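Worksheet: the structure to be examined is printed underneath.
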Amino acid sequence: MPELPEVESVRRQLAPELTGRRVRDVTWDASPSARISDLDLLPGRRIEAVHRRGKFLLCPLDPTPDGDPLELVLHLGMTGSLSFTTTGGDTDPLPHVRVRIDLDDGRTLRFRDPRRFGRASVVPAGDYVDRIPTLATLGPEPLSPAFDPGGFAAALAATSAPVKAKLLDQRLVAGVGNIYADEALWRARIHPASRRVGRRRAAALHGAIVEVLTSAIEREGTTFRDYRMVNGASGRNATHLLAYGQADRPCQRCGEPLRRTVIAQRGTTFCARCQRH
DNA sequence: CACGCCTCCTGTGCGC
DNA sequence: TGCGCACAGGAGGCGT
């Protein structure tokens, strides 16, 4: 669900609330899928910051009495959301709350996740290679100088999968998901199934990715159903989508009805007339 | 290693 | 109204 703009919008609300807070207690439902791990290390730790890398939220913690620096890693998966209770008890019990983190100010941070695709783990700070391989191999942050057109073009040229699959892969560029992949490819006029993207078109796609992510962050993300910010508000980007979810509606450039297909097992909407192979 | 298919979960909306 | 199926913002595992 949440892609980079949604996770960044959550982070911006979460950081001032969590930074400096100490964890009093943690409860979670032990799912068989091991996506929740080592949360027993949280009580007593202080949350030093809330960072984002791709679609991951990273919360560095103060060192344990043993001196080990730890990090809380959260991933919202498709349907994850975070919110606070004001009192210790739940006046309004939410369904599908998987993790509760009780803080030293009396509030509880709740991690709700109906489909259980999200993740919550405590790891030794920065130790991702063995524990969270996708985080270890994440591509450059698209809104940082590390994401440059030349490197992006070279990475696109190095493999032969459909360009949309490469955008979803997270190793070429971090944080792009199904919505913004369709939006960026539409803007750059590149067919999502194209396996050849040359230097020129790579530069156009690079620019389109930066644009769609930047404007989506300004609108605090795209809400369909589950995605909410920490304060419960919806993002405002849904009405600005030009490709994702717009199948059968006219292309805003050429008027051709947009088509839906499946690429990399994901629903994909594109204009067969102005997005070229 | 690259690629592509299947799976993990739960809920919702649609056609019949 | 009820049932079954397709589909949903992500990504991990496995076979080729």
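Note that the structure is predicted; figures quoted are calculated from it, not measured. Each chain gets a letter, A, B and so on, in the order its sequence line appears, and its residues count up from 1.
- Nucleotides C:dA6 and B:dC6 have their P atoms positioned 14 Å apart, rounded to a whole Å.
- Listed candidates were B:dC8, B:dC6, C:dG9. Nearest to the side chain of A:Y227 is C:dG9.
- At a threshold of 4.0 angstrom between heavy atoms, the contacts of A:R119 with the nucleic acid are absent.
- Secondary-structure annotation of DNA chain B gives the stems B:2-8 with C:10-16, B:10-16 with C:2-8, with a stem taken as at least 3 successive Watson-Crick or G-U pairs whose two distances both fall under 3.5 Å.
- With DNA chain C read from its 5' end, the first of the two nearest nucleotides for A:T268 and A:L168 is the one closest to A:T268.
- A heavy-atom distance below 4.5 Å is not found between the side chains of A:I47 and A:T19.
- Rounded to an integer number of Å, the gap from A:R112 CZ to B:dT10 P is 13 Å.
- Regarding contacts with the backbone of B:dG4, a side-chain N or O of A:R195 is found under 4.0 angstrom from either OP1 or OP2.
- Mapping A:P114 and A:A165 onto DNA chain B via the closest heavy atom, the residue that lands nearer the 5' end is A:A165.
- Checked by atom type and distance alone, the side chain of A:N237 never pairs as donor or acceptor with a backbone atom of A:R219 at under 3.5 Å.
- The separation of B:dC3 from C:dG9, taken at their P atoms, amounts to 22 Å, rounded to a whole angstrom.
- Residue A:E3 places its side chain closer to C:dG10 than to any other of B:dT10, B:dG4, C:dG10.
- In this structure, A:H96 has no ring pair (Phe, Tyr, Trp, His ring centres under 6.0 Å) partners at least two apart in sequence or on a different chain.
- The side chain of A:F224 has C:dG9 as its nearest neighbour among C:dG9, B:dC9, B:dA2.
- Remark: A:T159 is in phosphate contact with B:dC3, judged by side-chain N or O atoms under 4.0 Å from OP1 or OP2.
- For the pair A:T134 and C:dG12, the criterion of a side-chain N or O lying under 4.0 Å from OP1 or OP2 is met.
- The distance from atom CG of A:D169 to atom C1' of B:dA2 is 10 Å, rounded to the nearest whole Å.
- Distance A:L74 CG to C:dG10 P: 17 Å, rounded to the nearest Å.
- Between A:Y244 and A:F270, the gap from one ring centroid to the other reaches at least 6.0 Å.
- Side chain of A:R110 to main chain of A:V97: no donor-acceptor pair is present (N/O by atom type, distance under 3.5 Å, no hydrogens or angles).
- In summary, A:R100 and A:D25 do not engage in a salt bridge, as defined by a charged side-chain N under 4.0 Å from a carboxylate O.
- Between A:R260 and C:dA8 there is a side-chain polar atom (N or O) within less than 4.0 angstrom of OP1 or OP2.
- Atom pair A:L167:CG and C:dG9:C1' shows a separation of 15 Å (rounding to whole Å applied).
- Straight-line distance from the CG atom of A:L138 to the P atom of C:dG12: 10 Å, rounded to whole Å.
- In summary, A:R236 and A:E218 do not engage in a salt bridge, as defined by a charged side-chain N under 4.0 Å from a carboxylate O.
- Remark: C1' of C:dG10 and CZ of A:F56 are 10 Å apart, rounded to the nearest angstrom.
- At least one side-chain nitrogen or oxygen of A:Y244 sits closer than 4.0 Å to the OP1 or OP2 atom of C:dG9.
- In this structure, A:N178 places its CG atom 13 Å from C1' of C:dA11, rounding to the nearest Å.
- Contact annotation: A:H96 side-chain N/O to B:dT10 OP1/OP2 distance is not under 4.0 Å.
- OP1 or OP2 of C:dA11 sits under 4.0 Å from a side-chain N or O of A:Q170.
- Between the side chain of A:R115 and the base of B:dC8 there is no donor-acceptor pair of N/O atoms closer than 3.5 Å.
- Remark: A:R52 engages A:E141 in a salt bridge, criterion side-chain N to carboxylate O under 4.0 Å.
- Residues A:F117 and A:A158 each lie close to DNA chain B; by heavy-atom proximity, the contact nearer the 5' end of the strand is made by A:A158.
- Electrostatic pairing of A:D29 and A:R116 counts as a salt bridge here, judged by a charged N lying under 4.0 Å from a carboxylate O.
- Between A:D182 atom CG and C:dG9 atom P there is a gap of 9 Å when expressed in whole angstrom units.
- In this structure, of B:dT10, C:dG9, B:dC3, it is B:dT10 that holds the atom nearest to the side chain of A:R98.
- For A:K55, the side-chain atoms get nearest to C:dA11 when compared with the rest of B:dC9, C:dA11, B:dG11.
- For B:dC3, the OP1/OP2 oxygens have a side-chain nitrogen or oxygen of A:S160 closer than 4.0 Å.
- Remark: A:R266 is in phosphate contact with C:dG9, judged by side-chain N or O atoms under 4.0 Å from OP1 or OP2.
- Contact between A:P142 and A:V210 at its shortest, heavy atoms only, is O-CG2, 3.7 Å.
- Closest to the side chain of A:R225, out of C:dA11, B:dG4, C:dG9, is C:dG9.
- Contact between the side-chain N/O atoms of A:K166 and the OP1/OP2 oxygens of B:dC3 is not found at any separation under 4.0 Å.
- If you check every strand for non-hydrogen atoms under 4.0 Å, A:P5 touches nothing.
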